[in-house]
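Note on naming: letters A, B, ... go to the chains in the order of the sequence lines (proteins, then strands), and numbering restarts at 1 for each one. Just so we're clear, the structure is a prediction, and the values are computed from it rather than from any experiment.
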There are 2 protein chains.
Amino acid sequence: MGHPRWLSEEESRAWHAFLAAGALLNRRLDQQLKDEVGLSHLQYEILVRLSAEPRHEMRMTELADSLFNTKSGLTYQITQLEKAGLVQRRACTWDVRGVKAVLTDAGQEMLKRAAPGHVATVRELLIDVLTPEQLIAVADGLGEASRRMCDGNASGPR
Amino acid sequence: MGHPRWLSEEESRAWHAFLAAGALLNRRLDQQLKDEVGLSHLQYEILVRLSAEPRHEMRMTELADSLFNTKSGLTYQITQLEKAGLVQRRACTWDVRGVKAVLTDAGQEMLKRAAPGHVATVRELLIDVLTPEQLIAVADGLGEASRRMCDGNASGPR
DNA sequence: CGGCCCTCGTTCAAATTTGAATCGAGTTTC
DNA sequence: GAAACTCGATTCAAATTTGAACGAGGGCCG
């Protein structure tokens, strides 16, 4: 660690592109969803996660983890979604402490309404911009990076 | 627009990887900077932008744009950085309305102290994880995507 | 059982972000 | 020359995020 290895021209280009694309994309997606159906991107993702589940329900902590969000942040958002009638809280049967978030019919409806526009935007702004090779490189490279970050190595090996 | 083209297996993989990597990386970088020098990632980036400028100064709006942030958000952060003595506001000479943010000596000092750890983390978590081909694909692909999003096409051609 | 530690979800205050409204100063238009 | 507009930056209230602390339960060892 004594010698900071700076980023090369190419590395810097990649890093900046990654940062910029992330920031811009998040902004656009938020905007698109807000305009079209009145959801934030985070809220949309919550609905997606629930919908992907067999019984359309998930434990709070599990959901928070899958979204890379804090538990308290999720508590807040679920409360919002509950007020909007898109999600319901339900006690967990086997674990008295547990709470499950369940997608309501209105929630599914909303998702069905929101998804096409969202996917179209993701396509237009990112997916369809990439060449097939770039797409695979992104899937493999960023996939590997996020996999490593998930495996609780809070500070990494050294 | 009538037929929503869903994402293929590969496309979905790329999109999820992109989302996950962005979220995780942001979290890690924020944490690392906070722990090591007490700055948020955004604040660090502000210092970097200023430092890259010939006279270590930039107009508020220009700075906000370069960070893909709102003007009011930047106003807040510059105020924080000013309290910390890392940045100073200065009236713009030629445009009476303008305000320039200027990096102070303490700001440069801070940057010098923060950069090595930050770069090391970026390397460890992303750059060094990618193969050379993936690196170039990310730089090119995401670079192109962010370029398109910048060119004020608020909704894209259709 | 009883103590001890861990987990689940929430609550709370503080920090940050957002977007609309505002203020002051240029610029344009007629 | 003045109303009308634009631009740069700030202000403000409301929404959201963060992280520490809390309340209730599990689970395990003695």
Side-chain angles (χ1 to χ4, degrees), chain A residues 22-24 26-35 38-46 49-50 57-84 86-102 152 154, chain B residues 22-24 26-35 38-46 50 57-84 87-102 152 154:
Chain A
L24 288 167
N26 257 326
R27 196 163 290 277
R28 293 293 191 96
L29 290 176
D30 249 336
Q31 168 119 38
Q32 184 270 328
L33 282 167
K34 199 81 77 182
D35 287 352
L39 290 178
S40 69
H41 186 201
L42 177 54
Q43 292 174 329
Y44 174 83
E45 287 295 333
I46 291 175
R49 296 292 193 290
L50 289 179
E57 62 183 31
M58 222 184 300
R59 293 282 296 260
M60 295 297 279
T61 298
E62 185 190 4
L63 189 47
D65 287 346
S66 92
L67 293 160
F68 314 111
N69 239 260
T70 60
K71 283 184 297 178
S72 68
L74 185 68
T75 291
Y76 174 78
Q77 284 299 348
I78 291 293
T79 302
Q80 298 308 105
L81 288 173
E82 206 169 22
K83 282 182 195 162
L86 305 178
V87 152
Q88 249 187 242
R89 266 180 242 253
R90 192 169 300 170
C92 188
T93 326
W94 42 69
D95 187 345
V96 191
R97 298 168 299 170
V99 172
K100 292 185 295 191
V102 191
Chain B
L24 288 168
N26 258 325
R27 197 163 290 277
R28 293 295 190 96
L29 290 176
D30 248 337
Q31 168 117 39
Q32 185 270 325
L33 282 167
K34 200 80 78 183
D35 288 352
L39 291 177
S40 69
H41 186 199
L42 176 54
Q43 293 175 328
Y44 175 83
E45 287 295 333
I46 291 175
L50 290 179
E57 62 183 30
M58 222 183 301
R59 294 280 296 258
M60 295 297 281
T61 298
E62 183 190 6
L63 190 46
D65 287 346
S66 91
L67 294 160
F68 314 110
N69 241 262
T70 61
K71 283 185 298 179
S72 68
L74 186 67
T75 291
Y76 174 78
Q77 285 298 346
I78 290 293
T79 302
Q80 298 308 104
L81 289 173
E82 207 169 20
K83 282 182 194 162
V87 153
Q88 250 187 242
R89 268 180 240 255
R90 193 170 299 171
C92 188
T93 326
W94 43 66
D95 188 343
V96 190
R97 298 169 299 173
V99 172
K100 294 183 297 192
V102 191

**Q.** ring pair (Phe, Tyr, Trp, His ring centres under 6.0 Å) partners for A:Tyr44, two or more places apart
**A.** A:His118
Q: Select base, sugar-phosphate, or nothing to describe what A:Thr75 touches, counting heavy atoms under 4.0 Å on all strands.
A: base
Q: Rounded to the nearest 0.5 Å, what's the gap from CD1 on A:Ile46 to CE on A:Met58? Could you check?
A: 9.5 Å
Q | Between C1' of D:dA9 and CZ of B:Arg90, the distance in whole Å | A | 18 Å
Q. Rounded to the nearest Å, what distance is computed from the NZ atom of residue B:Lys71 to the P atom of nucleotide D:dT6?
A. 14 Å
Q) If you round to the nearest 0.5 Å, how far is CG of B:Asn26 from CG of B:Asp30? A) 6.5 Å
(Q) What's the separation between atom OG in A:Ser40 and atom CG in A:Leu29, rounded to the nearest 0.5 Å? (A) 11.5 Å
Between the protein and nucleotides 24-28 of chain D, which nitrogen or oxygen pairs come in under 3.5 angstrom?
{"from": "D:dG25", "atom 1": "N2", "to": "A:Arg97", "atom 2": "NH1", "distance (Å)": "3.3"}

Q. Expressed in angstrom and rounded to an integer, what is the separation of A:Met58 atom CE from C:dC8 atom P?
A. 15 Å
Q | Per-nucleotide protein contact string for nucleotides 14-22 of chain C (B base, S sugar-phosphate only, - none; heavy atom under 4.0 Å) | A | -SSBBB---
Q. Counting just side-chain N and O atoms, does B:Arg59 come under 4.0 Å of either OP1 or OP2 of D:dA9?
A. yes
**Q.** Residue pairs fulfilling salt bridge (charged side-chain N to carboxylate O under 4.0 Å, His left out) with at least one residue in residues 57-67 of chain B, sequence neighbours excluded
**A.** B:Glu57-B:Lys100, B:Arg59-B:Asp95
Q.
Rounding to an integer number of Å, can you tell me how far B:Leu74 CG sits from D:dA9 C1'?
A. 10 Å
Q: Identify, with sequence neighbours excluded, every residue that meets side-chain hydrogen bond (donor to acceptor under 3.5 Å, both in side chains) alongside B:Glu45.
A: B:His41, B:Arg49
**Q.** Atom pair distance, as rounded to whole Å: CD1 in B:Ile78 and C1' in D:dG8
**A.** 14 Å
Distance-only check: which donor-acceptor pairs under 3.5 Å involve side-chain atoms of residues 68-79 of chain B, not counting sequence neighbours?
{"from": "B:Thr70", "atom 1": "OG1", "to": "B:Gly73", "atom 2": "N", "distance (Å)": "3.0"}
{"from": "B:Thr75", "atom 1": "OG1", "to": "B:Lys71", "atom 2": "O", "distance (Å)": "3.2"}
{"from": "B:Gln77", "atom 1": "OE1", "to": "B:Gln43", "atom 2": "NE2", "distance (Å)": "2.9"}
{"from": "B:Thr79", "atom 1": "OG1", "to": "B:Thr75", "atom 2": "O", "distance (Å)": "2.8"}
{"from": "B:Thr79", "atom 1": "OG1", "to": "B:Arg89", "atom 2": "NH2", "distance (Å)": "2.5"}

Q | Under the side chain to side chain contact (heavy atoms under 4.5 Å, CB included) test, residues paired with B:Gln88 that sit two or more places apart | A | B:Arg90, B:Thr104
